[in-house]
There are 2 protein chains.
Amino acid sequence: MVDASRMGTGSAPAPTAASPLFLRDSEVRRGVELLYFGYASMIRGADRILDGRGLGRAHHRALYFIARQPGLAVSDLLRLLAITKQSLSRVLADLVREGLVESRVGEQDRRQRRLTLTPAGAALEAELFEALRERVAGAYAQAGQEAVSGFWAVLLGLIPLPDRALVLSLDQASRGRRETAGG
Amino acid sequence: MVDASRMGTGSAPAPTAASPLFLRDSEVRRGVELLYFGYASMIRGADRILDGRGLGRAHHRALYFIARQPGLAVSDLLRLLAITKQSLSRVLADLVREGLVESRVGEQDRRQRRLTLTPAGAALEAELFEALRERVAGAYAQAGQEAVSGFWAVLLGLIPLPDRALVLSLDQASRGRRETAGG
DNA sequence: CAATATAGGTCAACATGGTTGACGCATCTC
DNA sequence: GAGATGCGTCAACCATGTTGACCTATATTG
């Protein structure tokens, strides 16, 4: 363990060759804070849109992943959201009732429900994504390509290896779709 | 507005000189996802510690900022957390009852309550921070100094200018304290 | 000094989105 | 046919946020 009484406001393990300056407590705290406020800032615009429709962040997350991976099964969505099925079922019921999401019986495995967005759902997701895109693309443009690579690298490093595949699979899936569609 | 029906799965505004490859929808989505999973991964360890003590993330956030800026006023904390005073007062009452936080009348302005951590509070915050540090420093080390700079640059760009000062002031304040203490 | 503004606390009702636990049904796999 | 899996649902509860109303103590200002 660590001497707790000395750590509170952050004089870290003394920087050495093995633990250079950018790993000091103050640099870690800066990262924690930027991540917290950056994430909050990113979703603020989408929150306003959701408010107007009587939906919440939970609905947004579901819409987002269904848009990202059309036809995913409920179990896939559960894995991505890391919540219980009881919690998801409320959200999903809302979205279906509002005509934003459709659930069809799986073709190979008829126990599965494959989730897709209706046109209305796709339109709302696009509007929500546009709010995210505005902020993120602005930050990317301001910071530059190089910085963006670093941004991705650090965030990926935050995710424990076992979970990393899950995140990367989102990209794979959509890349696959683009190629199939003939992009 | 945007043609919503085409946007759902992300063939962006065609990349041009003014809107280069790294600003495409797929790059934005990657950022959104990494931010979401990265943030969740970062705090997972702290969550487990909190669980064991019957505390939640709200308590953690308060502890964090009080550690970061000892002696801040309730109104400062409210600004940082962006919640209502009714919501904060519950959290703060818990922390005071548990002997983790102390509130003293301000010296210049006796209406203010200046918040500080007790030794027990500082110890818990240190333990929680250690869980964050483990993840963040690992990601930093893995990605390298250059990447960390990019990580900060993009996140800072996500935060609207008016709020940016607030975030940077955390650094300023702690730097001031370190110098005063004779570091 | 009186009036007003500010910092903070508190009560009450309610919303959102998460949890656990128990069960049921359809379907797939062995 | 037996058991595992995917999904849905009921019920109770918890954590954390909201609004609105109202109170006190202290500071500031005309």
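Chain letters run A, B, ... following the sequence lines, proteins first, then strands; residues in each count from 1. On a predicted model such as this, the values are computed, not experimentally measured, just so you know.
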Considering only nitrogen or oxygen atoms on both sides, find all protein atoms under 3.5 Å from nucleotides 17-21 of chain D and state each distance.
from: D/dG17; atom 1: OP1; to: B/R61; atom 2: NH2; distance (Å): 2.7
from: D/dG17; atom 1: O5'; to: B/S87; atom 2: OG; distance (Å): 3.4
from: D/dG17; atom 1: N7; to: B/R90; atom 2: NH2; distance (Å): 2.5
from: D/dG17; atom 1: O6; to: B/R90; atom 2: NH1; distance (Å): 3.4
from: D/dG17; atom 1: O6; to: B/R90; atom 2: NH2; distance (Å): 3.4
from: D/dT18; atom 1: OP2; to: B/T84; atom 2: N; distance (Å): 2.8
from: D/dT18; atom 1: OP2; to: B/T84; atom 2: OG1; distance (Å): 2.8
from: D/dG20; atom 1: N7; to: B/Q86; atom 2: NE2; distance (Å): 3.4
from: D/dG20; atom 1: O6; to: B/Q86; atom 2: NE2; distance (Å): 2.8

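The side chain of B/S75 contributes an N or O atom lying less than 4.0 Å from OP1 or OP2 of C/dG8.
Nearest heavy-atom pair across A/L132 and A/M42 is CD2-O, 3.5 Å.
Residues from residues 40-56 of chain B with heavy atoms under 4.0 angstrom of DNA chain D, sorted by number: B/G56. Applying a 4.0 Å cut-off to non-hydrogen atoms, the residues of residues 101-114 of chain B that approach DNA chain D are B/Q108, B/D109, B/R110, B/R111, listed by residue number.
Remark: P of C/dT6 and CZ of B/R79 are 13 Å apart, rounded to the nearest angstrom. Atom CG in A/L78 sits roughly 9 Å away from atom P in D/dG8 (whole-Å rounding). Look at CZ on B/R57: it is 20 Å from P on C/dT16, rounded to the nearest Å. What separates NE2 of A/H59 from P of C/dA15 is a distance of 14 Å, to the nearest Å. Taking atom CG on A/L77 and atom C1' on D/dC7, their separation rounds to 13 Å, with Å as the unit.
Annotation: cation-pi geometry satisfied between A/R29 and B/Y64 (NZ/CZ under 6.0 angstrom from ring centroid, within 45° of ring axis).
Using a distance-only test at 3.5 Å, with no hydrogens or angles considered, a donor-acceptor pair links the side chain of A/R164 to the main chain of A/L156. When atom types are taken as modelled, the side chain of B/S41 and the backbone of B/F37 share a donor-acceptor pair closer than 3.5 angstrom. Remark: the backbone N or O of B/G71 is not paired with any side-chain donor or acceptor of B/T116 at under 3.5 angstrom. The main-chain N or O of A/L115 is never found under 3.5 Å from a side-chain atom of A/S103 such that the two would form a donor-acceptor pair.
When the C1' atoms of four end pairs are superposed on the next four at each end of the helix from C/dC1-D/dG30 to C/dC30-D/dG1, using five pairs per end, the two resulting axes differ in direction by 30°, to 10°.
Side-chain contact check for B/R114 and B/Q112: at least one donor-acceptor pair (N or O, by modelled atom type) lies under 3.5 Å.
Taking a cutoff of 4.0 Å between a charged side-chain nitrogen and a carboxylate oxygen, A/D163 and A/R79 do not qualify as a salt bridge. Contact check on A/R30 versus A/E33 returns no salt bridge, with no Lys/Arg side-chain nitrogen under 4.0 Å from an Asp/Glu carboxylate oxygen.
Inter-residue side-chain proximity for B/D76 and B/Q69 is flagged as unmet; no heavy-atom pair is nearer than 4.5 Å.
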N/O donor-acceptor pairs under 3.5 Å from side chains in residues 137-145 of chain A, not counting sequence neighbours:
from: A/Y140; atom 1: OH; to: A/W152; atom 2: NE1; distance (Å): 3.1
from: A/Y140; atom 1: OH; to: B/E27; atom 2: O; distance (Å): 2.9

Would you list the atom pairs, donor with acceptor, under 3.5 Å between side chains in residues 49-59 of chain B and any protein atom, with sequence neighbours excluded?
from: B/R53; atom 1: NH2; to: B/E127; atom 2: OE1; distance (Å): 3.1
from: B/R57; atom 1: NE; to: B/D47; atom 2: OD1; distance (Å): 3.2
from: B/R57; atom 1: NE; to: B/D47; atom 2: OD2; distance (Å): 3.1
from: B/R57; atom 1: NH2; to: B/D47; atom 2: OD2; distance (Å): 2.7
from: B/H59; atom 1: ND1; to: B/G56; atom 2: N; distance (Å): 2.9
from: B/H59; atom 1: NE2; to: B/D94; atom 2: OD2; distance (Å): 2.8

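Nucleic acid contact class of A/A73 (heavy atoms, under 4.0 Å, all strands): sugar-phosphate only.
Dense packing is recorded around CD of A/Q86, with more than 12 heavy atoms of other residues, nucleotides or ligands lying under 6.0 Å away.
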